[in-house]
*Asks:* 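Supplied in structure tokens, the structure appears directly below.
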Amino acid sequence: MDAEAKTPPAVETHTMMGNEAIARGAWESGVRVAVAYPGTPSTEILENVAKYPQEDIEAQWATNEKVALDVAIGASFAGERAFVAMKHVGLNVALDSLMSQTYIGVNGGLVLAVCDDPGIHSSQNEQDTRLLAELAMVPVLEPGDAQEALDFIRNAFEISERFDTPVIVRSTTRLSHTRSVVRVSERLPASAIGFRENPGKNVMIPAHARARHPLLLERKTALLEYCAGSPLNHWEEGTADYGIITAGISYSYVKEVAPEAHVLKLGITWPVGSEKLRAFCASVKRILVVEELEPVIEQAVRDLGFEVEGKSLFSRVGEFSPRSVRDGLVKAGLLAAQSVSGGMATKPLIRPPVLCSGCPHTSSYMALRAVDARVCGDIGCYTLAVVEPLKAIDVCVAMGSSIGMAVGMSKAGTEKKPIVATIGDSTFLHAGIPPLIDAVYNNADITVMILDNHTTAMTGGQDHAGTGVTLRGEKTARVNFEELVRSIGVQWVRQIDSYNLASMYQTLREAVEYKGVSVLISDRPCVLDPVKIRGEAFLVESESCVACQSCMNLGCPALAWTDEVYDGHHKVGIDPAQCMGCSLCAQICPSNAIQLANLQ
Amino acid sequence: MNRRVPLKADTPAASSAPERPTNVLIVGVGGQGVIMVSKVLASLCQELGYQVKQSEVHGMAKRGGAVFSHVRFGHTVYSPTILEGDADVLVALEWAEGLRWLPYLNQDSGTFIADTQHIVPPFACRNRIRGADSGYSRETVHEVMESVANSFALDALQIATELGVPKAANTVLLGTLSTALEFPVDAWKGVISKFVPPKTVEANTRAFEAGHEWALTFDRETRLKEWQEHTARFSAEIARSDVAVTSTLEITEAWCKGCDICVKFCPERCLAMDERQIAVLTDPDRCTGCRICEWLCPDLAIAVHTPASPVEA
Ligand SMILES: Cc1ncc(C[n+]2csc(CCOP(=O)(O)OP(=O)(O)O)c2C)c(N)n1
Ligand code: SF4
Ligand code: SF4
């Protein structure tokens with residue numbers, strides 16, 4: 001059995017969320033520059049880094065994940081430790097840079113915290129970062145709780161500098177958002193080694209790259225040797241005759257339901273295949289692998305020539321839970337089936353997330369329904385307009401895809417309806433500008449609605465270049481969307497107040513009639529983030545309500561049926577605690593039944 | 001109330017018999033403060049020397065979706081989440097959310113604390129057919145209290161409002177929760193005072209005490225009777241649900257001048273202008289017979305015919 005994984009001498013303890021611990025780890029590691037683009041479940045990492053003094057650490061939002069990684073790479077070239085955080089799909093955006101940087105290696109240590117989302121709590125897919133890491137041949141460290149999250153970041157920087165490689169620390173939603181007690185320590189001094197001129201290593205032209213590729217293979221071998229002795233890969237003796245190889249949060253489920261098993265907890269999940277793994281496999285009668293998503297460890301064990309069970313017992317899709325791990329062990333015949341006593345059976349209420357009451361996105365989608373548009377959606381709060389009653393989005397793929405898709409639809413020439421792309425302000429800056437240039441350049445007949453709610457709302461209200469405020473809350477230059485769009489060459493541009501429903505309907509009608517690229521900027525701050533904006537509440541005068549349900553088409557959660565009935569239909573009431581006073585329902589009501597509450 | 005007395009980390013018993021951690025599941029709707037409630041409990045546990053894990057998922061949950069937070073504490077805690085059927089206490093800030101998570105409650109010894117508050121999602125008001133009712137959960141408080149042995153259903157908002165602090169409904173629930181876990185009352189109050197705005201410490205302390213007191217004086221028999229009466233009223237309300245009554249639309253083409261008013265105002269979006277600029281019903285299945293078109297047509301070209309609805313009949 002190993003000695004306990006080494007943690008620096010305890011100074012004090014705090015209760016921290018996984019993401020806070022990762023941030024603390026970056027600060028303790030002496031990182032000089034930390035960058036991210038927000039994305040659930042990774043967002044809180046940089047928000048927490050920004051709580052440490054600027055003299056220690058630069059913390060900033062980047063325009064997108066590729067820019068974030070490039071900024072970090074620059075800081076690493078400059079000889080300082082650099083850190084970047086993103087969600088799993090963010091790594092797709094940054095991958096181009098990573099694929100070359102892995103040939104180059106690092107000067108100052110370079111660590112990427114990438115947060116996967118098994119179970120797709122708040123994402124567009126559940127890809128497994130370890131597969132991309134394998135492609136890039138960069139090591140992956142997988143912490144299992146908040147303490148490890150902190151410690152592994154420190155370890156990651158050591159590995160990065162020792163093996164001349166970028167390192168990925170992979171978290172998952174569950175780890176990122178679980179709080180537990182963490183021992184913290186002091187910050188290491190920044191390295192200050194400065195830039196090192198070495199074109200053969202730093203400039204990836206074909207001749208240099210050809211020479212660097214074999215070094216990646218050597219690096220992998222060296223890393224495997226390191227894995228064999230590293231306490232990050234932790235062997236725990238059990239009493240049973242079977243052994244479980246696991247990593248990350250799955251370890252806690254294994255310990256919960258099968259305390260008797262021999263366990264090899266891998267802290268390093270790429271590369272896998274060290275002597276320690278071989279010894280573990282040889283020491284047990286039966287080998288099981290419990291890992292969320294792809295069978296990365298399982299395949300590596302099989303490659304070593306052992307018989308192993310993994311995805312045949314534990315699902316390849318979705319998030320694990322103590323229950324699913326136990327079910328897998330029951331299926332394997334290793335645990336006795338336990339009946340979960342039934343209890344009261346209820347039919348769960350369908351309660352999908354919805355746009356907030358007073359959400360400024362609502363009117364855009366009401367108008368899109370009215371002009372019967374074919375809508376290419378994008379990613380943000382406004383994606384919630386896909387469900388009833390707004391139900392106004394036809395397609396949604398990835399950040400920034402809306403405009404390019406609209407161009408393609410218009411060029412396909414089959415669509416009778418007006419083609420409209422809807423994209424949030426943060427998403428437009430992230431990946432919407434190149435496709436808008438493309439639309440103008442190729443003279444597409446589309447309308448683009450920029451839904452400018454002055455924030456990155458979906459991820460909790462982060463600033464961006466269009467808000468004119470930095471991550472540290474300081475004022476900075478602010479992108480003017482209207483000027484930006486005009487400078488691209490768009491002739492038809494209008495900016496309107498999202499709360500003016502009549503003008504929204506009218507302007508959108510004009511926009512879709514325009515031949516060529518028209519851009520409509522729907523402008524109103526988000527009512528929830530970063531600050532709550534609450535106007536005076538409205539109410540429904542019940543005696544005037546004809547129960548026509550027009551207002552219910554908004555999908556505002558403050559509106560619900562009352563017990564009163566008119567002509568066989570439920571009348572509507574407003575929950576004053578939820579109403580934000582946007583007035584949209586009052587503008588829609590054909591019988592003028594909705595009034596400001598305090599006029600009563 | 002069944003009290004769960006977890007072992008302290010440093011007691012000799014804890015080291016000899018690794019006791020199963022205590023599991024508390026806190027659920028509700030985005031924006032209600034589920035995470036705040038669970039943070040209070042988690043930091044209380046930490047202050048009292050337990051190992052504690054608190055787990056939730058941020059993101060979509062905020063936008064009015066279902067929110068849940070697992071709190072586990074004890075001598076050693078591995079999994080951050082609770083096994084189905086293993087929650088010692090289930091605290092629901094909203095009624096239907098409590099029902100959703102009932103399968104997680106330990107059926108033999110678990111305690112269910114639920115706010116009877118209903119938050120009806122827009123989605124539940126989708127079936128607009130004449131006579132239809134909302135899709136909100138139908139299980140009545142009486143039914144649930146009868147089938148779950150240790151159940152406590154309270155109107156926390158009402159209690160908080162009576163105290164003049166409607167915002168402290170969650171603190172009332174914390175007061176009730178405090179009677180299910182054997183922690184010193186003063187420790188609870190101390191932690192709560194750290195989490196609420198300084199000016200509201202006094203009000204929240206009163207709310208906590210009210211929730212605590214409510215549970216201590218809880219008399220199951222009386223409550224069951226009260227809820228039975230409530231249920232009787234409730235069943236009358238739902239009796240009329242799901243009776244579909246279809247309407248028919250009569251459009252006098254000769255009178256339609258193509259002004260488009262009915263098409264723009266139809267809440268079901270089931271009218272359109274045809275190539276002659278005359279209104280047509282494009283989707284008869286969607287028409288609920290709300291009569292907006294009939295009322296708004298300036299030329300009286302539309303009439304809605306509806307058989308008497310069973311509600312009024
Ligand atoms: C590549 C990638 N990075 C990050 C995210 C996380 N994410 C989802 S929506 C969103 C931005 C939403 O901001 P905005 O477009 O302004 O719309 P809003 O939510 O404010 O309505 C982000 C960053 C993602 N899904 N994919
Ligand atoms: S957070 Fe803001 S943008 Fe998102 S749904 Fe709510 S109001 Fe709309
Ligand atoms: S004014 Fe109407 S639409 Fe706006 S938040 Fe209030 S109830 Fe909802």
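The structure displayed is predicted, hence computed values, not measured ones.
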*Asks:* Check each atom of B:Ile292 against the heavy atoms of chain A and say whether the ones under 4.5 Å are side chain, backbone, both or neither.
*Replies:* side chain
*Asks:* For the residue pair A:Glu44 and A:His177, confirm or rule out a side-chain donor-acceptor distance under 3.5 Å.
*Replies:* yes
*Asks:* Less than 4.5 Å to any heavy atom of chain A: does that hold for the side chain of B:Glu94, its backbone, both, or neither?
*Replies:* side chain
*Asks:* Does any heavy atom of chain A fall under 4.5 Å from the side chain of B:Trp101, the backbone, both, or neither of them?
*Replies:* neither
*Asks:* Considering only heavy atoms and a distance below 4.5 Å, find which of B:Cys125, B:Ser147, B:Cys290 pairs most often with chain A.
*Replies:* B:Cys125
*Asks:* Given that the side chain runs from C-beta out, which part of A:Tyr251 has a heavy atom under 4.5 Å from chain B: side chain, backbone, both or neither?
*Replies:* side chain
*Asks:* Only pairs of heavy atoms separated by less than 4.5 Å count here; which of A:Pro348, A:Ala370, A:Pro352, A:Cys551 has the most with chain B?
*Replies:* A:Pro352
*Asks:* Evaluate B:Glu143 against B:Arg138 for salt bridge (charged side-chain N to carboxylate O under 4.0 Å, His left out), listing each step before the verdict.
*Replies:* CA-CA 10 Å; B:Glu143 260 175 273; B:Arg138 297 271 161 87; over 6 Å; no
*Asks:* Considering only heavy atoms, which portion of A:Pro41 lies under 4.5 Å from any heavy atom of chain B: side chain, backbone, both, or neither?
*Replies:* neither
*Asks:* Would you call A:Glu319 and A:Arg174 a side-chain contact if the rule is heavy atoms closer than 4.5 Å?
*Replies:* yes
*Asks:* Who among A:Ala560, A:Cys548, A:Ser180 has the most heavy-atom pairs with chain B under 4.5 Å?
*Replies:* A:Cys548
*Asks:* Which atoms of A:Cys556 are under 4.5 Å from chain B, going by heavy atoms: the side chain, the backbone, both sets, or neither?
*Replies:* backbone
*Asks:* Is chain A contacted by the side chain of B:Val71, its backbone, both, or neither, given a heavy-atom distance below 4.5 Å?
*Replies:* neither
*Asks:* Using non-hydrogen atoms and a 4.5 Å limit, figure out which bit of A:Ile249 sits close to chain B: side chain, backbone, both or neither.
*Replies:* side chain
*Asks:* Would you name the heavy atoms of A:Gln462 and A:Thr455 that are closest together and state the gap between them?
*Replies:* O-OG1, 3.4 Å
*Asks:* Do the side-chain N and O atoms of A:Lys347 and B:Ser137 include a donor-acceptor pair separated by under 3.5 angstrom?
*Replies:* no
